[in-house]
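Encoded as structure tokens, the structure appears first; notes follow it.
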Amino acid sequence: MPVPVAVHVLVLGGTTEARRLAESLAGDRSVRVTTSLAGRVAAPRLPPGEVRVGGFGGPEGLAAWMREHDVDALIDATHPFAAAMSRNAAEAAALAHVPLLALCRPGWVAQDGDRWHSTGSLSEAAGLLPALGERVFLTTGRMGLAAFAGAGLDALWFLVRSVDAPEPPCPARMEVLLDRGPFDLDGERELLRRHRIDVLVTKDSGGDATAPKLTAAREAGIPVVVVRRPPVPEGVPVAGTPDEAARWVARLYASG
């Protein structure tokens, strides 16, 4: 006889952790997993299980979708800087009376020899650059380049790395490198050397896939401007790994 589905989990995805969680849950016959992708990446890596692509129309739309599809649990495994989506998830979970968990990889921690400059926004990061260097390796993604397009930064040269091609407004002097992590240390060392990078800008996205650039910058004595991540919405429990999130799901259907 078929095993009845005990719990339907909606994963707000797009990250490596979301995909690994879906892989774990898809192997459990007591769980039905649906991963939702925003659709901002042209060719995303699809996780196992059911997949939907596109927005929900705000928290009310997300809550309605969860009611319509009998969602029992919501896991926000979006990028640590997807603050608007995380707020929507918290509001939608409250509206639909669905338990919510944030799956958020731990942030990076500075080590001996790091020359980090912590900022609260991309605009603050841009304001620091003229005093730090002239050749900037910008690894903040393609969505926030407008912060680096101001006239005061026209003298700087930017190497912009992103998965998909950025759209204007962009820095006046810019080279685009289309690439997707994970990146290795030797490659990051060579990239900094070849492009004569003298300052790195990154978001504190955490994880191992893009961390080698921090090691390469430390070795080269290059300053790093690190944009702090926004906080998880108040009251939302947090799991640091896919395994922790999977155990949270298991406890839900074990108790239900």
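Each residue takes its place number in the sequence, starting with 1.
Heavy atoms only, all atoms of each residue included: Arg19 and Pro48 are closest at O-CD, 4.5 Å. The two residues Ala90 and Val236 make their nearest non-hydrogen contact at CB-CG2, 4.2 Å. Smallest separation of non-hydrogen atoms from Pro237 and Leu101: O-CD1, 3.5 Å. Closest non-hydrogen pair, Ala165 versus Arg142, comes out as O-CD, 3.7 Å. Nearest heavy-atom pair, Ala126 versus Ala147, reported as atom, atom and distance to 0.1 Å: CB-O, 3.3 Å. When all heavy atoms of Trp248 and Leu74 are compared, the pair lying nearest together is CH2-O, 4.1 Å.
Among residue pairs with one or both ends in residues 118-131, those qualifying as side-chain hydrogen bond (donor to acceptor under 3.5 Å, both in side chains) are Ser118-Arg228; sequence neighbours excluded.
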Exercise. Show your reasoning for whether salt bridge (charged side-chain N to carboxylate O under 4.0 Å, His left out) applies to Glu190 and Arg193.
Key: CA-CA 5 Å; Glu190 171 60 19; Arg193 185 199 63 78; 2.6 Å; yes

Quiz prompt | Full working for side chain to side chain contact (heavy atoms under 4.5 Å, CB included) between Glu134 and Asp198 | solution = CA-CA 7 Å; Glu134 297 179 352; Asp198 54 17; 4.2 Å; yes

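Side chain of Thr15 to backbone of Ala77: a donor-acceptor contact under 3.5 angstrom is found. Distance alone, capped at 3.5 Å, places no donor-acceptor pair between the Trp116 side chain and the Val226 backbone. Judged by distance alone, with hydrogens and angles left aside, the side-chain atoms of Asp114 form a donor-acceptor pair with the main-chain N or O of Gln111 at under 3.5 Å. The main-chain N or O of Trp108 is found under 3.5 Å from a side-chain atom of Asp204 such that the two form a donor-acceptor pair. In terms of modelled atom types and a separation under 3.5 Å, the side chain of Arg115 and the main chain of Gly221 share a donor-acceptor contact. With hydrogens and angles disregarded, a donor-acceptor distance shorter than 3.5 Å links the side chain of His8 to the backbone of His69.
The side-chain heavy atoms of Leu100 and Ile75, taken from C-beta on, include no pair separated by under 4.5 Å. With a 4.5 Å cut-off on side-chain heavy atoms, Pro47 and Arg20 do not count as touching. Using a 4.5 Å heavy-atom threshold, the side chains of Leu191 and His195 count as touching. You'll find the side chain of Val9 stays beyond 4.5 Å of the side chain of Thr34, heavy atoms only.
When only modelled atom types and interatomic distance are considered, Asp28 and Tyr253 share a side-chain donor-acceptor pair under 3.5 Å.
No single ILVMFWY cluster, assembled from side-chain heavy atoms under 4.5 Å apart, contains both Val33 and Val71. With hydrophobic clusters built from ILVMFWY side chains whose heavy atoms lie under 4.5 angstrom apart, Trp65 does not share a cluster with Leu37. Hydrophobic clustering places Met66 together with Leu12 (ILVMFWY residues linked when any side-chain heavy atoms are closer than 4.5 Å, directly or through intermediates). By the rule that hydrophobic residues join a cluster once side-chain heavy atoms approach within less than 4.5 Å of another member, Phe183 and Leu177 end up as members of separate clusters. Residues Val7 and Leu25 are members of one and the same hydrophobic cluster, defined by side-chain heavy-atom contacts under 4.5 angstrom among Ile, Leu, Val, Met, Phe, Trp and Tyr.
Residues satisfying the side chain to side chain contact (heavy atoms under 4.5 Å, CB included) test with Thr139, not counting sequence neighbours, are Phe137, Arg161, Leu200, Thr202, Lys213. For Asp186, the side-chain hydrogen bond (donor to acceptor under 3.5 Å, both in side chains) partners two or more places apart in sequence, or in a different chain, are Arg189. Every residue two or more places apart in sequence or in another chain that forms a side-chain hydrogen bond (donor to acceptor under 3.5 Å, both in side chains) with Asp76 is listed here: Thr78, Ser86.
Distance check, rounded to the nearest 0.5 Å: CD of Glu17 to NE2 of His79 gives 9.5 Å. Within the model, atoms CG of Asp208 and CZ of Arg105 stand 9.5 Å from one another, a figure rounded to the nearest 0.5 Å. Annotation: the span from Asp70 atom CG to Arg67 atom CZ amounts to 12.0 Å, rounded to 0.5 Å. The distance from atom CD of Glu188 to atom CG of Leu185, rounded to the nearest 0.5 Å, is 8.0 Å. The structure places OG1 of Thr35 at 7.5 Å from CG of Leu21, a figure rounded to the nearest 0.5 Å. Put simply, CG on Leu192 and CZ on Arg135 are 11.5 Å apart, with the number rounded to the nearest 0.5 Å.
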Name the atoms and distances for all side-chain donor-acceptor pairs under 3.5 Å in residues 49-61, with sequence neighbours left out.
from  : atom 1 : to    : atom 2 : distance (Å)
Glu50 : OE1    : Arg32 : NH2    : 3.1
Glu50 : OE2    : Arg32 : NE     : 2.7
Arg52 : NH1    : Ser36 : OG     : 3.0
Arg52 : NH1    : Gly54 : O      : 2.8
Arg52 : NH2    : Gly55 : O      : 3.3

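Other residues, nucleotides and ligands place more than 12 heavy atoms under 6.0 Å from the CD atom of Glu219.
Clustering of Ile, Leu, Val, Met, Phe, Trp and Tyr side chains at separations under 4.5 Å places Val227 together with Phe81, Leu122, Leu128, Leu129, Leu132, Val136, Leu138, Leu145, Phe148, Leu153, Leu156, Phe158, Val160, Met174, Val176, Leu178, Val199, Val201, Val225.
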